[in-house]
Amino acid sequence: MQAIIVAGGAPAGGASEVAAAALLRPVAGEPVLLHQVGALARMGIGRVGLLAPEPAEAARLVATVADRARTFGLAIEPVPAAGQMPADGAILVVDGPVLFDVALGPVRDTHAALAAALTAVVQPVARPRDSDLVAERDGRLVAVFPHDRPDPQDQRNLAPSGLWLARPDLVDRLRLPGHRPDLLRDAVPALMAAGETIACHPTTEYIRRLDGPADVAAAEADLAAGRPAGLRREHPRPALLVDVDGVLNHEPGPRGTLSPDDLVMVDGAGAALARARAAGFLVVAITNRAQVARGTVSLDQLDRILGRLEARLAEDGGILDRIYVCPHHPGPLPDGVPELTIRCDCRKPGTLLFRRALTELPIDPARAWMIGDSGRDMAAAHAMGLRAYGVATGHGCRGTGKIAGDVPDRMFADIGAAVDFVLAEDAARR
C-alpha cells in the first residue's frame with residue numbers, strides 16, 4: 001500500500017516556506033516528517049509520495065528524509081506533477097503536521113465495507129468549539145462544520161484527525177499550483193455533492209495534530225511517556241462506562257432532555273472525566289434515548305443535545321471517547337416512530353451497547369466500571385460482569401439515596417466522587 005504526505009500551507013505568498021516549516025519542525029529532536037515516515041513504515045507502507053504547493057519544495061522535503069526512510073525499508077518521492085499517483089488500491093493521505101500510531105487494517109476494513117471514495121479517521125478533540133467537526137450517520141459522513149462556523153456550540157465532538165484513506169484518482173483534487181486545497185472544505189463537499197460515499201472511522205489510538213508550540217510540547221511529553229505505543233489497539237485499557245442524564249447532567253423532568261437548552265451540568269462532571277482519561281481510562285457513554293422513538297426528538301436534534309453536552313464537558317477537560325445510543329422504545333407508542341418502536345437488546349437493561357463497546361474498543365473487562373443512576377444501568381452492567389456504581393444526582397434515587405431494582409455495588413453523591421473511588425480502586429488492584 002502507498003501513502004501521500006501533504007505539506008500544508010496558505011494559498012500563495014510564501015506557502016512553500018510555511019509547508020516546509022510545518023513538516024520540518026523538530027519534535028523530540030526529529031522533524032515531524034521523519035516521525036511520519038517511521039509511523040508509515042510500521043503500518044506496512046512501502047512507498048510514500050510527498051505533495052507540496054510547489055514541486056521544488058516537495059523535492060527539498062524528500063531530500064531531508066530520504067536516506068533515513070530507506071533504513072525503514074520505505075521509498076519516498078515527490079508526487080508526480082501530473083496525473084494520478086500510480087496505485088493498486090486506496091492511498092493513505094497524511095494531511096499536514098500530525099503525529100500518529102494507528103493500525104491501518106481496521107481503517108481499510110471501514111473503507112471497503114462502505115465502498116467509500118474517501119474515509120476520514122476521526123476522534124473527539126479537546127476544543128470542539130474551535131475545531132473542524134463532522135457529523136456521521138451509520139458510519140457515513142453527512143455534514144461538515146468548519147472551525148469558523150457561525151454556531152460553534154452544538155455539533156458532536158467528532159473531528160477529522162488528519163488521516164484519510166482515498167481512492168487514487170482523488171489525489172489530483174489536492175494539487176493546484178501554489179495552493180493546496182483544504183480536504184475538508186474543498187474535496188469533501190464536492191464529493192458529497194457528487195453522491196460519493198465518505199466514511200468515518202473513529203479510533204481511540206494516538207493521533208495529535210501539531211498546530212502550535214503547545215501541541216509540540218504535548219507531543220514531546222507523549223513520546224517520552226511512550227503514550228503512542230500504549231494507545232495501540234492491542235493494549236487493553238481500563239474503562240469508565242457512564243450513563244448521561246442524571247450522571248453527567250441533571251435530568252430536567254420525566255420527559256428527559258429535549259433540547260440543548262435543557263442541559264444543566266452536574267458540577268464537576270467534565271473534570272471527573274478528565275481525571276479518568278488522564279489516568280489512561282477510556283470514557284464511554286451508554287444512553288437510552290426513547291425520545292427519538294416517541295418522535296419528540298429527531299436524530300439531528302439529538303446530535304445537537306449531545307454536541308452541547310460534549311462542548312460543556314470539554315470546558316473542564318472532559319472528553320467522551322464514544323457515545324452509544326439506543327433510540328428505541330418497546331411501545332406501544334401511538335404517535336411514535338414505527339421503525340423505532342420495537343423491542344431491542346440495546347435499550348438498557350439490554351446489553352448490546354455494552355457488548356459493542358467491549359468489542360469495538362480496547363477495553364479490559366476486568367478494569368471496567370459502570371456509573372449510572374438507575375436499576376437499568378446496574379442490571380446491564382451486572383449482566384456483563386462489570387462493577388456498577390450508582391450516583392445520587394439522578395431521578396432513579398433522588399430523595400432516597402438508593403436505586404430501585406438492581407442494587408449498585410456502591411453509591412456515591414455524584415460522578416466526581418465515583419470516579420475518584422474508581423481511580424483509587426484501579427490503582428490498588430494493579
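Note that these values count all heavy atoms, side chains included, but never hydrogens, waters or copies made by symmetry. Everything quoted here is computed from the prediction, not taken from an experiment.
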Participant: Walk me through whether Phe354 and Ile363 qualify under side-chain contact (heavy atoms from CB on, under 4.5 Å).
Facilitator: CA-CA 11 Å; Phe354 288 77; Ile363 293 174; over 6 Å; no

Participant: Does this structure show an ion pair linking Asp364 with Arg237, if we count only N-O contacts that are shorter than 4.0 Å?
Facilitator: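 Arg237 and Asp364: not salt-bridged.
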
Participant: Is there a side-chain contact between Met265 and Leu313 (heavy atoms, below 4.5 Å)?
Facilitator: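 Yes. Closest side-chain heavy atoms under 4.5 Å.
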
Participant: For Arg25 and Asp215, what are the C-alpha separation, side-chain angles and deciding distance, and is it a salt bridge (charged side-chain N to carboxylate O under 4.0 Å, His left out)?
Facilitator: CA-CA 12 Å; Arg25 179 186 296 138; Asp215 300 311; over 6 Å; no

Participant: Sub-3.5 Å donor-acceptor pair from the side chain of Asp414 to the main-chain atoms of Ala417, do we have one?
Facilitator: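 Yes, Asp414 side chain to Ala417 backbone: donor-acceptor pair under 3.5 Å.
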
Participant: Does any non-hydrogen side-chain atom of Val125 lie less than 4.5 Å from one of Asn157?
Facilitator: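 Yes, their side chains come closer than 4.5 Å.
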
Participant: Heavy atoms only: give me the nearest Ala274-Gly317 pair and the separation to one decimal.
Facilitator: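 That closest heavy-atom pairing would be CB-O, 3.2 Å.
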
Participant: Would you find a donor on one side and an acceptor on the other, under 3.5 Å apart, between the side chain of Asp377 and the backbone of Asp373?
Facilitator: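 Yes, the answer is positive, given that a donor and an acceptor are paired below the 3.5 Å cut-off.
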
Participant: Is Glu136 salt-bridged to Arg140, cutoff N-O under 4.0 Å?
Facilitator: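 Salt bridge flag = no for Arg140 with Glu136.
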
Participant: Would you call Asp261-Arg308 a salt bridge at under 4.0 Å N-O?
Facilitator: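 Here Asp261 pairs with Arg308 in a salt bridge, since their nearest N and O are under 4.0 Å apart.
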
Participant: Donor-acceptor pair, distance only, cut-off 3.5 Å: does the side chain of Gln301 make one with the backbone of Ser298?
Facilitator: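 Yes; at least one donor-acceptor contact below 3.5 Å.
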
Participant: State, with a plain yes or no, whether a side-chain heavy atom of Leu386 is found less than 4.5 Å away from one of Trp369.
Facilitator: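 Side chain of Leu386 against side chain of Trp369, heavy atoms only: no contact under 4.5 Å found.
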
Participant: Give the minimum heavy-atom separation between His35 and Val27, together with the two atoms involved.
Facilitator: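 Minimum heavy-atom contact is NE2-O, 2.7 Å.
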
Participant: Stepwise, does the ring-ring contact (aromatic ring centres under 6.0 Å, His included) test hold for Phe412 with Phe421?
Facilitator: CA-CA 9 Å; Phe412 296 91; Phe421 185 87; 5.3 Å; yes

Participant: When you check the side-chain N and O atoms of Tyr389 and Asp409, is any donor under 3.5 Å from an acceptor?
Facilitator: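 Their side chains do not contain a donor-acceptor pair, so the 3.5 Å distance test is not met.
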
Participant: Using 0.5 Å steps for rounding, measure from the OG1 atom of Thr71 to the CZ atom of Arg68.
Facilitator: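 If we round to the nearest 0.5 Å, Thr71:OG1 and Arg68:CZ are 6.0 Å apart.
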
Participant: Do Arg304 and Asp151 meet the salt-bridge criterion of a basic N to acidic O distance under 4.0 Å?
Facilitator: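 So Asp151 pairs with Arg304 through a salt bridge.
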
Participant: Show your working on side-chain contact (heavy atoms from CB on, under 4.5 Å) between Leu165 and Ile91 and close with a plain yes or no.
Facilitator: CA-CA 6 Å; Leu165 209 57; Ile91 293 176; over 6 Å; no

Participant: So, for His382 and Ala388, which heavy atoms are closest and what is the spacing to 0.1 Å?
Facilitator: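 For His382 and Ala388, the tightest heavy-atom pair comes out as NE2-CB, 3.7 Å.
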
Participant: Under the criterion salt bridge (charged side-chain N to carboxylate O under 4.0 Å, His left out), I'd like the reasoning laid out for Arg227 against Asp101: C-alpha separation, chi angles, the key distance, then a yes or no.
Facilitator: CA-CA 10 Å; Arg227 183 171 170 78; Asp101 194 327; over 6 Å; no

Participant: Can you tell me how far apart CG (Leu99) and CG (Leu210) are? Round to the nearest 0.5 Å.
Facilitator: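 One gets 4.5 Å once the value is rounded to the nearest 0.5 Å.
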
Participant: Measure the shortest side-chain to side-chain distance between Leu118 and His111 over non-hydrogen atoms and say whether it is less than 4.5 angstrom.
Facilitator: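 The answer is no, as the side chains (C-beta and beyond) never meet within the 4.5 Å cut-off.
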
Participant: Output the distance between atom CZ (Arg156) and atom CG (Leu309), rounded to the nearest 0.5 Å.
Facilitator: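 Reported value, rounded in 0.5 Å steps: 9.0 Å.
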
Participant: Before you tell me yes or no, could you show the steps for Ile198 and Met192 under side-chain contact (heavy atoms from CB on, under 4.5 Å), namely the whole-Å CA-CA distance, both residues' side-chain angles and the distance that decides it to 0.1 Å?
Facilitator: CA-CA 7 Å; Ile198 302 172; Met192 293 174 64; 3.6 Å; yes

Participant: Please check if the side chain of Arg137 supplies one atom and the backbone of Leu299 the other of a donor-acceptor pair under 3.5 Å.
Facilitator: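 Answer holds: yes.
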
Participant: Distance check, rounded to the nearest 0.5 Å: Leu240 atom CG versus Leu320 atom CG?
Facilitator: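 Taking CG in Leu240 and CG in Leu320, the distance rounds to 9.5 Å.
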
Participant: Between Arg129 and Glu315, does any side-chain N to carboxylate O distance fall below 4.0 Å?
Facilitator: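 Salt bridge: yes.
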
Participant: Counting only N and O atoms by type, is there a donor-acceptor contact under 3.5 Å from the side chain of Thr359 to the main-chain atoms of Arg356?
Facilitator: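 Not confirmed, Thr359 side chain does not pair with Arg356 backbone.
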
Participant: So Val98 and Arg208, do their side chains get closer than 4.5 Å, heavy atoms only?
Facilitator: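 They are not in contact (no side-chain heavy atoms under 4.5 Å apart), so the answer is no.
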
Participant: Under 6.0 Å from the CZ atom of Arg108, do we count more than 12 heavy atoms belonging to anything else shown?
Facilitator: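 No - once you tally the heavy atoms of other residues, nucleotides and ligands closer than 6.0 Å, there are 12 at most.
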
Participant: With a 4.5 Å limit on heavy-atom distance, are the side chains of Val93 and Leu183 in contact?
Facilitator: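 When only atoms from C-beta onward are counted, Leu183 and Val93 do touch, with a gap below 4.5 Å.
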
Participant: Ion pair present between Arg294 and Asp335, side-chain N to carboxylate O less than 4.0 angstrom?
Facilitator: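 Salt bridge flag = no for Asp335 with Arg294.
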
Participant: Roughly how far, to the nearest 0.5 Å, is the CD1 atom of Ile45 from the CD1 atom of Ile76?
Facilitator: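 Spacing of CD1 (Ile76) from CD1 (Ile45) equals 11.5 Å.
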
Participant: Measuring from Leu141:CG to Thr197:OG1, what's the distance to the nearest 0.5 Å?
Facilitator: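 Reported to 0.5 Å precision, the distance equals 10.5 Å.
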
Participant: Look at the side chain of Gln36 and the backbone N and O of Gly96, then say whether any donor-acceptor pair between them is shorter than 3.5 Å.
Facilitator: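 Yes; judged by distance alone, with no hydrogens or angles, the pair exists.
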
Participant: If you compare all heavy atoms of Ala90 against all heavy atoms of Met1, which two are closest, and at what distance to 0.1 Å?
Facilitator: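 Closest approach of Ala90 to Met1, heavy atoms only: O-CE, 3.2 Å.
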
Participant: Tell me if the CG atom of Asp211 is crowded by more than 12 foreign heavy atoms within 6.0 Å.
Facilitator: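 Enclosed: over 12 neighbouring heavy atoms sit under 6.0 Å from CG of Asp211.
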
Participant: Check whether more than 12 heavy atoms from other residues, nucleotides or ligands sit under 6.0 Å from atom CZ of Arg149, and answer yes or no.
Facilitator: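 Result for CZ/Arg149: enclosed.
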
Participant: Just by distance, with hydrogens left out, do Arg289 and Thr287 show a side-chain donor and acceptor under 3.5 Å apart?
Facilitator: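 Arg289 vs Thr287: donor-acceptor pair found between side chains.
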
Participant: Taking the side chain from Thr296 and the backbone from Val292, do they hold a donor-acceptor pair closer than 3.5 Å?
Facilitator: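 No: the side chain of Thr296 does not pair with the backbone of Val292.
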
Participant: I'd like to know whether CZ of Arg255 has more than 12 heavy-atom contacts from other residues, nucleotides or ligands below 6.0 angstrom.
Facilitator: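 No, because the 6.0 Å sphere around CZ of Arg255 holds 12 heavy atoms or fewer from other groups.
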
Participant: If we ignore hydrogens and angles and just use 3.5 Å, is the side chain of Lys348 paired with the main-chain N or O of Ile286 as donor and acceptor?
Facilitator: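 Yes; at least one donor-acceptor contact below 3.5 Å.
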
Participant: Taking side chain as C-beta onward, heavy atoms only, is Val121 less than 4.5 Å from Glu205?
Facilitator: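 Of all side-chain heavy-atom pairs linking Glu205 with Val121, none is under 4.5 Å.
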
Participant: Hey, are the side chains of Leu282 and Pro362 touching, using non-hydrogen atoms and a 4.5 Å cut-off?
Facilitator: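 In short, these two side chains touch, coming nearer than 4.5 Å.
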
Participant: Kindly indicate, with the supporting measurements, whether the criterion side-chain contact (heavy atoms from CB on, under 4.5 Å) is fulfilled by Leu33 and Leu61.
Facilitator: CA-CA 8 Å; Leu33 181 57; Leu61 287 167; 4.2 Å; yes

Participant: Between Asp245 and Thr257, do the side chains contain an N or O donor and an N or O acceptor separated by less than 3.5 Å?
Facilitator: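 Per modelled atom types, Asp245 and Thr257 side chains form a pair under 3.5 Å.
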
Participant: Spell out, as yes or no, whether a donor-acceptor pair under 3.5 Å connects the side chain of His329 to the backbone of Ile342.
Facilitator: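 A pair under 3.5 Å: no.
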
Participant: Any chance the side chains of Thr351 and Arg355 put a donor and an acceptor closer than 3.5 Å?
Facilitator: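 Checked: Thr351/Arg355 side chains pair up, N/O donor to acceptor below 3.5 Å.
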
Participant: Could you report the tightest heavy-atom contact between Met378 and Pro408, atom names first, then the distance?
Facilitator: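 Heavy atoms only, the tightest pair is SD-CB, 3.4 Å.
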
Participant: For Thr110 and Cys200, work out which heavy atoms get closest and say how close.
Facilitator: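 Closest pair (atom of Thr110, atom of Cys200, distance): CG2-O, 3.9 Å.
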
Participant: Do Asp132 and His147 meet the criterion of a side-chain donor-acceptor pair at a distance under 3.5 Å?
Facilitator: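 A donor-acceptor contact under 3.5 Å links the two side chains.
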
Participant: Ignoring hydrogens and angles, tell me if any N or O in the side chain of Asp262 forms a donor-acceptor pair with the backbone of Ser259 under 3.5 Å.
Facilitator: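 Checking the backbone N and O of Ser259 against the side chain of Asp262, a donor-acceptor pair under 3.5 Å is found.
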
